[in-house]
Amino acid sequence: MSVTTAGARGLPTRWRAGAGRAVAATALLTAVAFLPWLSGTDPALTVLRARSAEQDPTPAQLAAVRERLGLDEGPFVHLGGWLEGLARGDAGTSWVSGEPVLPQVTTAFAVSLTLMLGALVVTAALVSARTLYLGSRQRLLRGRAGVGAAVLAALPKFLLASLLAMVCGVWLGWFPSQGWTGPASMVLPALALGVPSGAMIGGLLDQALPAAFHESWARTWRAYGLPPGRIARTALRRALSGVLPQLLPTVVGLVGGAVAVEKIFNIPGLGRLALEAAIAQDLPPLQTATLALVLLGVGAGLVIQALRRALLGPALRDGALPALHPPALPRPRSLPWIIGCCALALLTLVVAGLLRDPLHVDTAARLLPPSADHPLGTDALGRDLLARLGHGALRTASVALAVTAVSALLGLLIGTATQAGAGLTEVVSTLPAVLAGLLVTAVTGPSVWGAACAVCLVGWTPYAAQTSALLEQERASGHLLASVSFGAGPGYLLRHHLLPAVLPALLRNALLRLPTTVLVLASLGFLGLGEQPPTPEWGRLLSENQPYAELAPWTVLAPAAALALFAVLTVAGTATGRRTPSRRPARGTSPGSTSGA
């Protein structure tokens with residue numbers, strides 16, 4: 001009877017998830033189809049300039065382009081014609097080059113997929129090495145590990161790519177620094193993409209492992225003298241199920257969001273193709289690339305969901321999971337000193353920068369190294385970097401915090417609709433933030449808040465995936481079923497079980513992703529979609545000074561260091577409130593009782 005009931009429930013569940021995917025994919029493709037008409041500029045003019053860079057085309061030329069491309073027919077006709085051709089295996093021809101689209105997208109997708117697999121190998125290697133080191137010894141002091149994860153996760157991918165290309169490619173000649181000619185060309189870009197992603201996933205796993213080690217089965221196994229390695233492997237399997245959904249935006253981000261890395265290494269990938277098509281308003285390749293990303297996201301979501309169920313086994317279905325709540329852990333004695341030193345250094349930089357003029361241009365002082373007059377050096381226009389760093393601190397932190405808070409709240413709300421929200425998450429996570437910025441800017445115009453809306457449009461997906469996974473595990477836990485059997489209503493379950501299981505992990509995830517939000521906002525500003533010059537902002541300082549990293553490395557090291565200090569403060573600060581619990585049992589309980597029972 002239980003099998004029949006589960007099967008009866010499973011069919012509507014699959015239908016809801018499929019409906020969420022279909023609706024989200026349709027909405028995304030429709031929004032992309034409207035881009036040339038929403039941009040506020042004549043699509044024929046944009047196409048002509050992309051073809052020949054002609055600044056003043058004649059009205060006759062514009063009319064000929066409109067007629068040849070059928071721009072007067074509207075977006076729905078184009079979308080319908082593209083879908084009809086796609087059913088026959090024809091994705092149309094490029095408006096700019098006139099070449100068939102499908103071979104271009106297929107080649108770019110193959111390149112990006114290969115690069116993604118290489119980056120995933122690097123990510124998995126970092127996560128495995130770090131987790132095995134901590135887990136086999138059951139070293140649960142999360143403070144130092146969290147600080148290290150914050151620094152690596154805050155490392156800008158394009159800055160790491162530039163350093164790897166310069167040092168390992170140009171100076172040492174170990175690997176190619178440009179092009180895509182063979183397996184050796186994949187090493188440096190895979191490292192640039194995989195190291196920050198590995199730090200992100202590893203940091204989330206470090207936060208989940210202590211709860212697994214403190215479950216009743218782990219204490220029982222330790223009491224029976226089972227090998228620590230076996231306990232660590234089982235705890236990893238238990239904790240990994242809640243972290244796996246975070247791989248979905250990571251996987252898609254390694255394909256569609258790796259535009260800067262692809263540009264630095266001159267890789268003809270899918271993200272670069274989609275960005276160039278969006279800027280040129282070349283609709284057929286943009287639509288086809290978006291569809292490829294959607295299919296990748298849906299496929300990755302299904303694989304990750306199957307892996308989660310394989311890890312948890314029948315416990316997820318039968319409601320036999322224990323409650324996975326992080327315990328209070330001892331913090332390293334050095335952690336307050338680390339936080340204090342980082343806070344003092346950051347405060348000193350900000351206060352000293354606020355006393356200087358961030359907009360003063362001195363062309364005679366271009367790219368000067370650090371000195372007494374300019375403690376952090378100057379940029380390509382001769383502006384003082386310390387001044388720009390200090391004046392950009394408040395704006396950087398406030399916008400990033402606002403975007404992160406809104407994204408986390410949206411993810412919490414959408415993640416509660418487990419099945420329909422899962423389909424929506426799989427599709428929306430495929431939308432690169434740059435493409436979302438182009439869509440939003442077409443309506444609102446370039447501004448910092450337009451870029452913030454674009455990031456919120458796609459930034460909620462990691463939190464929704466995490467919320468959905470944690471809620472699914474919590475609903476399958478024995479203590480929740482016990483509360484239901486005692487007559488607990490939905491409001492009680494939400495306040496006392498579901499939200500306490502989700503909110504702490506969601507907050508730690510948001511703090512770990514906060515520096516990434518700064519960098520995404522910076523990439524939009526660098527493309528002219530966000531913060532406009534000459535406004536100082538940390539991410540923009542990184543982006544606009546990246547071309548001078550080899551000639552004047554201080555121009556990128558200073559904002560990168562400030563971003564790393566900011567990441568350490570936000571992440572390590574959460575560890576200061578977690579105290580070691582008293583080992584004396586509470587009054588009225590036996591020493592052998594467990595809180596999760």
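Predicted, not measured: the structure shown is a model, and the values here were computed from it. Scope of the values below: all heavy atoms of this structure, side chains included, with no hydrogens, waters or symmetry mates.
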Hey, what do you get for CZ (Phe265) to CD (Gln178), rounding to the nearest 0.5 Å? 8.0 Å
Below 4.5 Å, heavy atoms only, C-beta onward: do Leu115 and Trp180 meet side chain to side chain? yes
Identify the heavy atoms of Ala33 and Pro75 that sit nearest to each other, and give their distance. O-CB, 3.6 Å
In sequence, state the C-alpha distance, the side-chain angles, and the governing distance for Tyr463 and Arg513, and then conclude on side chain to side chain contact (heavy atoms under 4.5 Å, CB included). CA-CA 10 Å; Tyr463 309 112; Arg513 292 183 180 274; 3.7 Å; yes
Mind listing the closest non-hydrogen atom pair of Val458 and Ala436 along with its distance? CG1-CB, 4.0 Å
Would you call Trp554 and Tyr548 a side-chain contact if the rule is heavy atoms closer than 4.5 Å? no
Atom CG in Leu293, atom CG in Leu270: separation rounded to 0.5 Å? 4.5 Å
Gap separating the CD atom of Glu262 from the CG atom of Leu193, nearest 0.5 angstrom: 8.0 Å
Roughly how far apart are Leu164 CG and Ser177 OG, rounded to 0.5 Å? 11.0 Å
Mark yes or no for whether Thr30, through its side chain, and Thr26, through its backbone, hold a donor-acceptor pair below 3.5 Å. yes
Taking every non-hydrogen atom, the tightest pair across Asn266 and Pro268: O-CD, 3.8 Å
Any side-chain heavy-atom pair from Gln104 and Ser97 closer than 4.5 angstrom? yes
Measuring only between side-chain heavy atoms, which start at C-beta, is Leu79 closer than 4.5 Å to Gln287? yes
Do Trp82 and Thr288 have a side chain donor and acceptor closer than 3.5 Å? yes
Rounded to the nearest 0.5 Å, how far does CG of Asn509 lie from CG of Leu514? 11.5 Å
Give, for atom CD1 of Ile267 and atom CG of Leu188, the distance between the pair rounded to the nearest 0.5 Å. 9.0 Å
Can you give me the closest heavy-atom contact between Ser407 and Trp460, atom names plus distance? O-CB, 3.3 Å
Side chain to side chain contact (heavy atoms under 4.5 Å, CB included) between Leu86 and Leu291, intermediate numbers included: CA-CA 11 Å; Leu86 199 63; Leu291 179 61; 3.1 Å; yes
Any donor-acceptor pair under 3.5 Å from Arg366 side chain to Leu381 backbone: no
Taking all non-hydrogen atoms of both residues, which atom of Leu367 and which atom of Ala552 are closest, and how far apart? CD2-CB, 4.0 Å
Considering only heavy atoms from C-beta outward, does the side chain of Leu102 approach that of Asp90 to under 4.5 Å? no
Has the side chain of Thr517 got a donor or acceptor atom that lies under 3.5 Å from a matching backbone atom of Ala400? no
Under 3.5 Å, is there a donor-acceptor pair linking the side chains of Ser94 and Asp282? yes
Do the non-hydrogen side-chain atoms of Met186 and Thr114 ever get within less than 4.5 Å of each other? yes
Assess the side chains of Arg388 and Asn545: does a donor N or O sit below 3.5 Å from an acceptor N or O? no
For a quick test of reading the model, state the closest non-hydrogen atom pair linking Val261 to Ala161 and the distance between them. CG2-CB, 4.2 Å
